[in-house]
Amino acid sequence: MAKRVAVIGGGTSGLACIKCCLDEGLEPVCFETSDDIGGLWRFKENPDPDRASIYHSLIINTSKEMMCYSDFPIPAHFPNYMHHSLIMDYFRMYADHFQLKQHIRFQTKVLHVTPRPDFPHSGQWDVETESKDGQREKQVFDAVMVCTGHHCHPHLPLQDFPGINTFKGKFFHSREYKNPEEWRGKRVVVIGIGNSGGDIAVELSRMAKQVYLSTRKGSWILNRVGDRGVPLDMMFINRALMRFFEWLPIGFRNNLGENRLNKRFNHKLYGLQPAHRVFSQHPMVNDDLPNRILSGTVSVKPNLQEFRGSSVVFEDGTVEDDIDLVVFATGYTFSFPFLSSHVIPVSNNKVSLYKFIYPPGLERPTLAVIGLIQPLGAIMPISEMQARWATRVFKGLCKLPPMSGMMKDIKAKEETMAQRYVAAQRHTIQVDYIPYMDELAKQVGVCPPILKLLLTDPRLALNVIFGPCTPYQFRLHGPGRWEGARQAILTQWDRVAVPLKTRCTPEPQSQRSSHSLIFSVSLAALLSALYYSRDNLHALIADPSSLLDKIRAFVPLPLARQ
């Protein structure tokens, strides 16, 4: 009989887990407390208890090519940055295509997950659930995948704000914010400068009389739209750039990043520049905030020190009167209430998991936490890769190191994180996209074989090295190989362009630019070093035109427009 796997949660990570279980011949049973899939991305006017909630206008800040599941590209006509309703459409397409919903038990809450008495031998778990009508059931599972995420419990630190009990206006956590209409003409304070705080401040500023954005430390602000209108994450999450940055001293890296961001707008002039460096914080992504500050509808303020009735006092001594609303965009904490604290101890939003997945103290590796990460990039492909590895561990096809090895890895990651990031609640589960994906992919055996591709498929290799590190790269070979991966990589920029081409524009008459010529010559030189051995170098020098003919077969050179 196939091993039975309990999947807790039917959101982004849960769907990937169901799919990966089926791919490996396992039998998944997913328990979802709500009546639908989607988790965080499913909009509800009245949010469910103990889970994050989104607002009407929310648009994701990772582009579609970077966030899709690795063997199921998002439709070309979808916008590059999607509204939450389109993200839900994509999840439904994914679930329907791979027939995932039949494995989900909706409106079923997991009460307890406990190791069975013979766990050191069997690795099995007792999972007790409760249905919507109150009926309880206990089942035995060979493995458990926890997919509840890190947006579980709203963090509302009212104790840090003296006088909050005297405040005459309204206050709530950002999870309760839905739309700005009722705050037209009001005066609002938003506390917190994460992505939610920035988005809510910008949206409210279009309706409210004045919005004050309060921050303790400030933030560096990234934008979705990169150079020439390309999605920013597709520009910067690529292997060549990552290797280049690894060679640079950290101070020089920070200088490069900060200078680039300050070219868009001067962070110090706008009151946003923090004391820490740009790569020491999870970035805020917001295209509109600088414009709202420039137009005066958002005013950046320091930390809120205390409340005095309807007035608020900031740490610089300034006082703002007649405040109608305070939104606490102060993040979330996570926990695992259905697990005993000794299985996965959680303290101050910190948890010790091997490669952010496995509790190191279990005798058998049959419990995996999926999606409990804060990546510099999209979380969907990472959750999927975690699930691909976990399901193969459950089957015994991949082995974990002994506990001592796992603890060494955990400690090393904690030390690296502490050295790099400013101390904050949201910097306990940080990962960099490419290094972490490659780290997991090596465990599964699905890292893109770049050296082999350079010899057998140079066109694809160049796209893998110098193009965006899209999830399809991890389906090129090995377990779970997808036949469509190569074509998906070669056409990824086409799918970026499709939703933008809503109007035909005339082509201006121009000659090939000097930049294009320099690019072509540089690319030719690079390819010659990769493509030719020492034995035929003499032939190359004697007949360089033959090289250009070969290059055109793989990477068409820019042509003069007619």
Side-chain angles (χ1 to χ4, degrees), residues 7 11-24 26 28 41 60 62-76 78 80 82 87 90-100 145 147 231 233-234 237-239 355 357 368 370-371 373 375-393 398 431-450 453 457 460-461 463-465 467-496:
V7 178
T12 296
S13 301
L15 292 175
C17 287
I18 299 170
K19 161 74 162 47
C20 292
C21 283
L22 296 174
D23 288 346
E24 293 293 342
L26 304 174
W41 292 101
I60 197 166
T62 53
S63 65
K64 66 178 181 181
E65 289 299 302
M66 301 301 298
M67 63 163 277
C68 65
Y69 295 114
S70 60
D71 56 356
F72 196 74
I74 293 172
F78 277 35
N80 287 284
M82 298 188 294
I87 295 174
Y90 172 66
F91 286 160
R92 296 190 201 286
M93 293 176 192
Y94 182 75
D96 291 343
H97 182 79
F98 294 109
Q99 301 180 358
L100 306 182
M145 306 179 87
C147 308
D233 54 358
M234 294 188 72
I237 301 180
N238 77 65
R239 296 180 178 279
K355 300 199 184 298
I357 302 174
I370 307 298
I373 40 161
L376 295 174
I379 194 172
M380 290 78 169
I382 293 179
S383 293
E384 181 191 42
M385 185 63 73
Q386 289 179 328
R388 291 174 71 182
W389 183 26
T391 51
R392 293 181 66 77
V393 169
C398 297
V431 297
D432 289 323
Y433 183 85
I434 295 179
Y436 186 64
M437 285 287 279
D438 281 351
E439 188 177 2
L440 301 186
K442 288 175 184 176
Q443 304 294 327
V444 185
V446 295
C447 250
I450 295 176
L453 291 176
D457 196 343
L460 178 61
N463 278 274
V464 170
I465 297 170
C469 184
T470 44
Y472 323 120
Q473 293 190 10
F474 302 96
R475 291 284 182 178
L476 288 170
H477 87 131
R481 179 178 179 271
W482 174 45
E483 291 292 337
R486 180 182 187 275
Q487 185 64 16
I489 292 171
L490 297 180
T491 57
Q492 56 199 7
W493 288 109
D494 297 334
R495 288 188 295 278
V496 170

Legend entry - Point-to-point distance, once rounded to the nearest 0.5 Å, from CH2 of Trp482 to CZ of Phe72: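 Between atom CH2 of Trp482 and atom CZ of Phe72 there are 9.5 Å.
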Legend entry - Pair Phe78 + Tyr90: ring centers closer than 6.0 Å: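 Distance test on ring centres: not under 6.0 Å, no.
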Inset, instruction - Quick one: list whatever passes salt bridge (charged side-chain N to carboxylate O under 4.0 Å, His left out) with Lys19, sequence neighbours left out. - result: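 With sequence neighbours excluded, Lys19 shows a salt bridge (charged side-chain N to carboxylate O under 4.0 Å, His left out) to Asp23, Asp71, given in chain and number order.
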Inset, instruction - Would you check if the side chain of Asn80 reaches a backbone N or O of Ser63 as a donor-acceptor pair within less than 3.5 Å? - result: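 No, Asn80 side chain to Ser63 backbone: no donor-acceptor pair under 3.5 Å.
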Distance-minimising heavy-atom pair for [X] and [Y]:
X: Leu476; Y: Pro448; answer: CD1-CB, 4.3 Å
X: Leu376; Y: Ile237; answer: O-CD1, 3.9 Å
X: Thr12; Y: Trp41; answer: OG1-CD1, 3.7 Å
X: Gln386; Y: Lys355; answer: NE2-O, 4.4 Å

How would you list, by chain and number, every residue that makes a side-chain contact (heavy atoms from CB on, under 4.5 Å) with [X], sequence neighbours excluded?
X: Gln492; result: Glu65, Pro468, Thr470, Tyr472, Ile489, Arg495
X: Ser13; result: Cys147, Ile370, Ser383
X: Gln99; result: Gln102
X: Asp438; result: Arg239, Ile434, Cys447, Phe474

Inset, instruction - Keeping to residues at least two apart or across chains, list the salt bridge (charged side-chain N to carboxylate O under 4.0 Å, His left out) pairs with something in residues 381-390. - result: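 For residues 381-390: Glu384-Arg475.
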